[in-house]
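Notes follow once the structure below has been shown.
Source: prediction; values computed, not measured.
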Amino acid sequence: MLAESLLLSAVLFTIGVVGVLTRRNAIILFMCVELMLNAVNLTFVALSTLYGATGQVFVIMVMTVAAAEAAVGLAIIISIFRHRQTVHLDDINLLKG
Amino acid sequence: MDNTFHPLFYSFHFYLFGLIGIASALLFVTRKSPVAAALWLVNVMFCLAALYLMLDAQFIGAIQVLVYAGAIMVVFLFVVMLLNLGHPSELADIRGNGGRLAAGAVGLALLAEVAVLTRARFPAQLTPKAAAALAQVDQPGGVIAPIADALFREHLLAFELTSILLLTAIAGAVVLGRKRGAADAR
């Protein structure tokens, strides 16, 4: 089932990329990033059946980073929303050239 | 892979959870409402937890449900609620007959599976890998011991560094989320 796991992981990652590229809601964008992290985790777990438990340790690290990223990212979104009353990325263009 | 008690049962569920995961992910990126999208993403995470169980990563499967579906997605939903972004009309009621039929079919299928599994017996002749997996579960420490060994010996420094990362994230989230002027008001 290794090949199927890697294929599923690639498909989920691609869906996450498509979401990041097409969606314009900042919160849904963050969720797409979480989906991509999950796809990578599936690769780690699938390969850990071949190469031992180190892959699962990496999954734990990725989950920690994802939790930290969600906390800080959502705090930034809340703080942007307080200023601009929107989370639509097209309206947040202060740094756009 | 031959670490299964019944290859057909194993591969059927592997493909089942994989396809449900892909379908949920597609529904997730196409939903308009952030609340609906978040719930479909929770579905993807549950499917991935099931796949982790089937790939002999039971501990990862458990913390996938606890941390990802239980904690991180709740934070997302909490922020959606805080910013008042959900569209109540899309969530106010149970869906139409199609949704009810699908929910009933899935529920019946799961109940049937539970009934089958409670009657199942292990085959007398296990494949070598399945026997090894069973033996590992019976050991003291069980399936968690190899992960703990790698985490607290080989990668101890990285593990300690994550505590700094989490502390920084907490401090950053509190500072960013604070209302402007809240400190001056006191």
Side-chain angles (χ1 to χ4, degrees), chain A residues 1-2 4-5 7-9 11-12 14-16 18-20 22-23 25 27-28 30-32 34-35 37-39 41-42 44-49 52-61 63-83 85-87, chain B residues 1 3 10-11 14-15 18 21-22 25-26 28-29 31 34 37-38 41 44-45 48 51-52 54-57 59-61 63-64 67-68 71-73 75-76 78-80 82-83 85 146-151 154-155 158-159 162 165-166 168-170 172-180:
Chain A
M1 286 295 145
L2 182 61
E4 288 88 343
S5 302
L7 183 69
L8 174 66
S9 167
V11 170
L12 287 181
T14 313
I15 294 174
V18 168
V20 168
T22 54
R23 300 305 300 262
N25 185 322
I27 290 179
I28 292 184
F30 258 94
M31 289 195 244
C32 290
E34 298 291 333
L35 180 63
L37 289 173
N38 267 288
N41 281 351
L42 180 59
F44 276 130
V45 170
L47 288 176
S48 81
T49 58
T54 308
Q56 301 185 23
V57 173
F58 275 106
V59 173
I60 295 174
M61 298 292 172
M63 282 185 185
T64 316
V65 172
E69 172 234 318
V72 175
L74 290 172
I76 291 175
I77 290 177
I78 289 178
S79 134
I80 289 176
F81 187 82
R82 284 217 184 100
H83 279 276
Q85 302 300 318
T86 180
V87 291
Chain B
M1 234 148 95
N3 60 346
Y10 183 86
S11 46
F14 201 93
Y15 285 114
I22 291 176
L26 284 173
F28 152 63
V29 290
R31 288 310 94 178
L41 187 56
V44 176
M45 284 165 179
L48 284 177
L51 292 180
Y52 294 161
M54 302 180 80
L55 289 167
D56 287 334
F59 180 63
I60 300 294
I63 62 172
Q64 166 89 4
V67 174
Y68 254 125
I72 296 183
M73 292 318 292
V75 173
F76 274 97
F78 189 77
V79 170
V80 171
L82 203 64
L83 304 186
L85 298 173
I147 305 173
D149 202 49
L151 183 62
E154 239 180 292
H155 303 280
F159 175 76
T162 54
L165 172 75
L166 284 176
T168 319
I170 294 170
V174 168
V175 170
L176 283 168
R178 197 179 48 177
K179 267 209 177 87
R180 178 161 296 231

Original post:
Would you say A:F58 has more than 12 foreign heavy atoms packed within less than 6.0 Å of its CZ?
Top reply: no

**OP:** Select one option (side chain, backbone, both, neither) describing which atoms of B:L166 are under 4.5 Å from chain A's heavy atoms.
**Re:** side chain

Subject >> Non-hydrogen atoms of A:L42 and B:Y52 that approach each other most closely >> reply: N-OH, 3.4 Å

Subject >> Gap separating the CD1 atom of B:I22 from the CG atom of A:L7, nearest 0.5 angstrom >> reply: 7.0 Å

Original post:
Picking from B:F59, B:Y15, B:F159, which has the most non-hydrogen pairs under 4.5 angstrom with chain A?
Top reply: B:Y15

**OP:** Working to the nearest 0.5 Å, report the span between OH of B:Y68 and CG of A:N38.
**Re:** 4.5 Å

Original post:
When rounded to the nearest 0.5 angstrom, what distance separates CD in A:E34 from CD1 in B:I72?
Top reply: 5.0 Å

Original post:
Among B:T162, B:L83, B:L26, which has the most heavy-atom pairs under 4.5 Å with chain A?
Top reply: B:L83

**OP:** Can you tell which part of A:T64 gets under 4.5 Å to a heavy atom of chain B, answering side chain, backbone, both or neither?
**Re:** both

Original post:
Considering only heavy atoms, which portion of A:V65 lies under 4.5 Å from any heavy atom of chain B: side chain, backbone, both, or neither?
Top reply: both

Subject >> Side chain proximity check, B:F78 to A:L74, heavy atoms < 4.5 angstrom >> reply: no

**OP:** Work out which heavy atom in B:A169 is nearest to a heavy atom in A:A68; give both atom names and the distance.
**Re:** CB-CB, 3.6 Å

**OP:** Nearest 0.5 Å please: distance from the OG1 atom of A:T54 over to the NE2 atom of B:H155.
**Re:** 4.5 Å

Original post:
What is the minimum heavy-atom distance between A:A75 and B:L176, and which atoms define it?
Top reply: CB-CB, 3.7 Å

**OP:** Tell me, please, which residues at least two apart from A:T86 pass side-chain hydrogen bond (donor to acceptor under 3.5 Å, both in side chains).
**Re:** A:D91

**OP:** Locate the shortest heavy-atom distance separating B:P34 from A:M31; write the atom from each residue and the value.
**Re:** O-CE, 3.7 Å

**OP:** Heavy-atom pairs under 4.5 Å with chain B are the metric here; pick the option from A:I15, A:V72, A:L8 that has the most.
**Re:** A:I15

Original post:
Taking side chain as C-beta onward, heavy atoms only, is B:L48 less than 4.5 Å from A:N41?
Top reply: no

Subject >> Heavy-atom side-chain proximity of A:I78 to B:L82 below 4.5 angstrom >> reply: yes

**OP:** Determine whether B:D56 and A:V45 make a side-chain contact, defined as any pair of heavy atoms from C-beta on separated by less than 4.5 Å.
**Re:** no

Subject >> From CD1 (B:I147) to CD1 (A:I60), nearest 0.5 Å >> reply: 5.5 Å

**OP:** Heavy-atom distances under 4.5 Å only: say whether A:L12 touches chain B with side chain, backbone, both or neither.
**Re:** side chain

Subject >> Closest heavy-atom pair and its distance - B:F14, A:S5 >> reply: CZ-OG, 3.0 Å

Original post:
Which of the residues B:Q64, B:E154, B:M73 is involved in the greatest number of heavy-atom pairs with chain A at under 4.5 angstrom?
Top reply: B:Q64

Original post:
Taking all non-hydrogen atoms of both residues, which atom of A:G19 and which atom of B:V29 are closest, and how far apart?
Top reply: CA-CG1, 3.9 Å

**OP:** Side chain from CB out, backbone as N, CA, C, O: work out which of these in B:A38 comes under 4.5 Å of a heavy atom of chain A, or both, or neither.
**Re:** both

**OP:** Below 4.5 Å from any heavy atom of chain A, which atoms of B:V75 appear? Answer side chain, backbone, both or neither.
**Re:** both

